S.K.: 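Here it is: the structure, laid out below.
These numbers were taken from a predicted model, which means no experiment stands behind them.
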Amino acid sequence: LNEGLRSGDIGSFMSPTTVDDVGGYAFRFAYQFAFWAIVITILLNVIFGIIIDTFGELRSDNAAKKAHMENFCFICGLDRFTLDTKGPGFEHHVRNEHNMC
């Protein structure tokens, strides 16, 4: 390990194996495959997690904007509850008083 760290990579220190050396070849294959499977899987899961989280955040932002557009008057800023309880209603207010839609 010390030699591998000083020379740049551990592969330059390790002696090459051939298919004839069954024990060494099988161990190196299993070690390299396990490293690939673990590291690549974790890195891809992190990247995919970031992407999915970003799209989820965009979806929730769009839902919040849609809810605001459906529950507040664009012109005067009054909310739907106030107009429905103390006035002629939200739909009437938007369509007739502001001539929208």
S.K.: How long is the gap from CZ on Arg59 to CD1 on Ile52, to the nearest 0.5 Å?
M.R.: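 Answer for the CZ-CD1 pair, Arg59 versus Ile52, is 9.5 Å.
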S.K.: Could you list the residues that satisfy ring pair (Phe, Tyr, Trp, His ring centres under 6.0 Å) with Phe35, not counting sequence neighbours?
M.R.: none
S.K.: Any salt bridge (Lys or Arg N to Asp or Glu O under 4.0 Å) pairs touching residues 34-44, not counting sequence neighbours?
M.R.: none
S.K.: For residues 69-86, dump all side-chain donor-acceptor pairs below 3.5 Å to protein atoms at least two apart in sequence or in another chain.
M.R.:
residue	atom	partner	partner atom	Å
Asn71	OD1	Arg80	NE	3.2
Asn71	ND2	Ala67	O	3.0
Asp79	OD1	Thr82	N	3.4
Asp79	OD1	Thr82	OG1	2.4
Arg80	NE	Glu70	O	3.1
Arg80	NH2	Glu70	O	2.7
Asp84	OD1	Phe90	N	2.8
Thr85	OG1	Phe81	O	2.8
Thr85	OG1	Thr82	O	3.4

S.K.: Ile47, Phe55: one ILVMFWY side-chain cluster at the under-4.5 Å cut-off?
M.R.: yes
S.K.: Test of understanding: with side-chain hydrogen bond (donor to acceptor under 3.5 Å, both in side chains), list the residues that count as partners of His68, not counting sequence neighbours.
M.R.: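 Testing His68 for side-chain hydrogen bond (donor to acceptor under 3.5 Å, both in side chains), a comparison that skips the adjacent residues, returns none.
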S.K.: The criterion is side chain to side chain contact (heavy atoms under 4.5 Å, CB included); which residues satisfy it with Ile40, sequence neighbours excluded?
M.R.: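 So Ile40 forms a side chain to side chain contact (heavy atoms under 4.5 Å, CB included) with Trp36, Leu44.
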S.K.: Rounded to the nearest 0.5 Å, what's the gap from NE2 on His98 to NE2 on His93? Could you check?
M.R.: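 So the gap between those two atoms works out to 3.0 Å.
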S.K.: Does Phe27 sit in a hydrophobic cluster with other residues, and if so which ones, taking ILVMFWY side chains as linked at heavy-atom separations under 4.5 Å, directly or through other members?
M.R.: none
S.K.: Please answer: with hydrophobic residues joined when any side-chain heavy atoms are less than 4.5 Å apart, are Leu43 and Ile50 in the same cluster?
M.R.: no
S.K.: What residue pairs, at least two apart or across chains, pass side-chain hydrogen bond (donor to acceptor under 3.5 Å, both in side chains) with a residue in residues 40-57?
M.R.: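 Residue pairs passing side-chain hydrogen bond (donor to acceptor under 3.5 Å, both in side chains), neighbours aside: none found.
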